[in-house]
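Structure record follows, encoded as structure tokens.
Basis for what follows: all heavy atoms, side chains included, without hydrogens, waters or symmetry-related copies. This is a predicted model, so every value here is computed, not measured.
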Amino acid sequence: MKEVAILLLVALMLNGCGSSRPTAQSVTGGVWSASLSGGEGSASGFSFITQFTVDSSGTLSFSRFEFINQGNCFPLDGGAVSGNMGLTENMATGQVTGSMTLTVAGNGNTLTLSSPDGVTGTLTGTTLSNGSVTGTWTVSGVTGCTNAGGSFTMSSQTATKA
């Protein structure tokens, strides 16, 4: 019985080793900028800068969101912003891949960015570099800002987390 207790204690201690290594989620947050191409009239030329963190479940928590060119479709701060990233890391290469959805709702309109498999980056230690997301976007809502869409690219600044 004593041997079992010692083995269990050793297993618990070993399980704790290495748990300080950051996950892809913990370093993927930071400052990102996006440029959206396509659309028509008021529902075109969108670009924004945002800052967020990603929790262990993939939920994005935004501390900043600001349209650079929003026209009349959205308030400057976007309104209600939410999103999710599903990320995986290749431990051998440090390559981060995954999916992302991001929704911005304001002024009676909804902007949805979707990237089923377009999230990429490289995790080296505690730094994510070359973070990029590509995908498609759509806008729905009030007249002048409806039935528009196109493609987008988001890029991260290099983020370092302890």
Are the side chain of Asn109 and the backbone N or O of Cys73 linked by a donor-acceptor pair below 3.5 Å?
yes

Return yes if some donor-acceptor pair links the side-chain N/O of Thr50 with the main-chain N/O of Arg64 below 3.5 Å, else return no.
yes

To the nearest 0.5 Å, tell me how far [X] [atom1] sits from [Y] [atom2].
| X | Y | atom1 | atom2 | result |
| --- | --- | --- | --- | --- |
| Phe48 | Ser33 | CZ | OG | 8.5 Å |
| Leu111 | Phe74 | CG | CZ | 4.5 Å |
| Met154 | Ser35 | CE | OG | 11.5 Å |
| Asn107 | Cys145 | CG | SG | 8.0 Å |
| Gln51 | Leu60 | CD | CG | 12.5 Å |
| Thr138 | Leu113 | OG1 | CG | 8.0 Å |

With side-chain contact (heavy atoms from CB on, under 4.5 Å) as the test, would you mind laying out the steps for Val81 and Thr103 before giving the verdict?
CA-CA 6 Å; Val81 184; Thr103 304; over 6 Å; no

Looking at side-chain heavy atoms only, is the closest gap between [X] and [Y] below 4.5 Å?
| X | Y | answer |
| --- | --- | --- |
| Ser156 | Trp32 | yes |
| Pro75 | Phe67 | no |
| Ser129 | Thr122 | yes |
| Val133 | Met85 | yes |
| Glu66 | Asp77 | no |
| Leu102 | Phe62 | yes |
| Thr120 | Gln95 | no |
| Val139 | Phe46 | yes |

Under the rule for side-chain contact (heavy atoms from CB on, under 4.5 Å), what residues qualify as partners of Glu40, not counting sequence neighbours?
none

Can you sort out the partners of Thr59 under side-chain contact (heavy atoms from CB on, under 4.5 Å), two or more places apart, ordered by chain and number?
Asp55, Ser57, Asn84

Report yes or no: do Ser155 and Ser132 form a side-chain donor-acceptor pair below 3.5 Å?
no

Side chains of Ser37 and Ser151: donor-acceptor distance under 3.5 Å anywhere?
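Checked: Ser37/Ser151 side chains pair up, N/O donor to acceptor below 3.5 Å.
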
Indicate the atoms forming the closest heavy-atom contact of Ala105 with Thr110, along with that distance.
CB-OG1, 4.2 Å

Where do Gly39 and Ala148 come nearest, in terms of heavy atoms and distance?
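Nearest heavy atoms, Gly39 then Ala148: CA-CB, 4.1 Å.
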
Determine, stepwise, if the pair Thr88 / Val96 fulfils side-chain contact (heavy atoms from CB on, under 4.5 Å).
CA-CA 6 Å; Thr88 58; Val96 175; over 6 Å; no

